[in-house]
Amino acid sequence: MCGSDEFIAGQIRYNNWFKKNAGKFQFYIDNTDKTVKETVAEIAAFVKSIE
């Protein structure tokens, strides 16, 4: 089911909703144009900031 058009459309709708409501959450990363390494660095910086 994960590869079905219906499932993928639902995931896209959820992702768009999540982006639109990002300010309502403590932490949000839009890693659309980031590498895995850049994403990891951003998460690590966040974790260090709350220690």
Side-chain angles (χ1 to χ4, degrees):
M1 177 173 170
C2 292
S4 73
D5 290 343
E6 184 179 328
F7 178 82
I8 293 169
Q11 294 300 304
I12 291 170
R13 283 191 302 274
Y14 173 77
N15 190 50
N16 289 336
W17 171 88
F18 196 81
K19 285 180 178 181
K20 187 170 72 173
N21 291 284
K24 298 177 183 177
F25 303 100
Q26 287 183 321
F27 184 61
Y28 171 76
I29 296 175
D30 181 1
N31 64 344
T32 303
D33 297 322
K34 294 183 180 175
T35 65
V36 171
K37 190 174 183 176
E38 291 169 326
T39 303
V40 168
E42 192 166 340
I43 293 168
F46 173 74
V47 170
K48 287 179 183 180
S49 76
I50 60 173
E51 290 183 320

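The residues of the chain are indexed from 1 along the displayed sequence.
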With sequence neighbours left out, the residues meeting side-chain hydrogen bond (donor to acceptor under 3.5 Å, both in side chains) with E42 are K34
Who are the side-chain hydrogen bond (donor to acceptor under 3.5 Å, both in side chains) partners of D30, not counting sequence neighbours? T32
Got a list of side-chain donor-acceptor pairs under 3.5 Å for residues 3-10, not counting sequence neighbours?
unit_1, atom_1, unit_2, atom_2, d
S4, OG, M1, O, 3.0
S4, OG, F7, N, 3.1

Does N15 use its side chain to pair, donor to acceptor, with the backbone of Q11 at less than 3.5 Å? no
Least distance between heavy atoms, I43 atom then I29 atom: CG1-CD1, 3.3 Å
